[in-house]
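For reference, positions follow the sequence shown, starting with 1. Everything numeric here is computed off the predicted structure, so don't read it as measured data.
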Amino acid sequence: MQETTRKRHNQTKIASHQASNHRLLYLIASLLLILAAALAAPMTARAAGTEPTSKDNVYQIRTAEELIWFRDVVNGGSADISAKLTKDIVLSGEWEPIGKYTDKTPNGYTGTFNGGGFTVNGYSVNVPVKVT
């Protein structure tokens with residue numbers, strides 16, 4: 001009888017250990033899936049800056065961080081989104097233009113950008129010139 005009880009106790013320990021291993025594997029697999037999804041997320045989710053609010057499908061841009069986000073999203077392949085400036089924006093340093101012609105955006109920027117009477121200044125654009 002003691003041997004049967006000891007056998008059941010060992011089987012329970014083994015089953016508990018296996019269940020613990022299964023939970024650990026499930027946790028690791030879940031974390032890997034979340035990481036893969038984050039890395040495969042579209043550029044809109046990974047754009048630098050801060051996503052501006054949207055009104056009637058037009059992004060309302062009021063800060064440099066929001067303009068950077070908009071540029072990164074457009075240049076990342078969402079070239080048909082629209083925006084409107086709601087304040088003057090002062091940038092600093094070199095600026096990468098919005099709507100580059102790339103494989104992701106072969107037609108450049110195709111959305112609308114309403115300046116709303118506001119300005120963006122304080123930046124420079126350095127574009128290499130191709131001499132043929």
(Q) Using 0.5 Å steps for rounding, measure from the CD1 atom of I81 to the OH atom of Y109. (A) 6.5 Å
Q: Find the distance between OG (S78) and CG (D80) and round it off to the nearest 0.5 Å.
A: 6.5 Å
Q: Might you point out which heavy atoms bring E66 and Q60 nearest each other, and give the distance in Å?
A: OE1-O, 3.5 Å
Q: Would you please name every residue forming a salt bridge (Lys or Arg N to Asp or Glu O under 4.0 Å) with R71, sequence neighbours left out?
A: none
Q) With the 4.5 Å side-chain cut-off for hydrophobic clustering, are I89 and V58 part of the same group? A) no
Q) Is there a donor-acceptor contact under 3.5 Å from the side chain of Y59 to the main chain of L67? A) no
Q. If every non-hydrogen atom of V74 is compared with every non-hydrogen atom of I98, which pair is closest and at what distance?
A. CG1-CG2, 3.8 Å
Q. For T112, which residues count as a side-chain contact (heavy atoms from CB on, under 4.5 Å) partner, sequence neighbours excluded?
A. S82
Q: List for me each residue that meets side-chain contact (heavy atoms from CB on, under 4.5 Å) alongside F118, sequence neighbours excluded, and say none if there are none.
A: L85, D88
Q: Check W69 against G49 and note the closest heavy-atom contact, atom names and distance.
A: CB-C, 4.1 Å
Q. Rounded to the nearest 0.5 Å, how far does CD1 of I61 lie from NZ of K87?
A. 13.5 Å
Q. side-chain hydrogen bond (donor to acceptor under 3.5 Å, both in side chains) with D56: which residues, sequence neighbours excluded?
A. none
Q. Quick one: CG on L91 to CD1 on I68, what's the gap to the nearest 0.5 Å?
A. 6.5 Å
Q.
By the definition side chain to side chain contact (heavy atoms under 4.5 Å, CB included), identify the one residue from V120, N126, V125 that meets it with W95.
A. V125
**Q.** With sequence neighbours excluded, residues passing salt bridge (Lys or Arg N to Asp or Glu O under 4.0 Å) with E96
**A.** K100
Q. Which residues satisfy the side-chain contact (heavy atoms from CB on, under 4.5 Å) test with N121, sequence neighbours excluded?
A. V90, T119
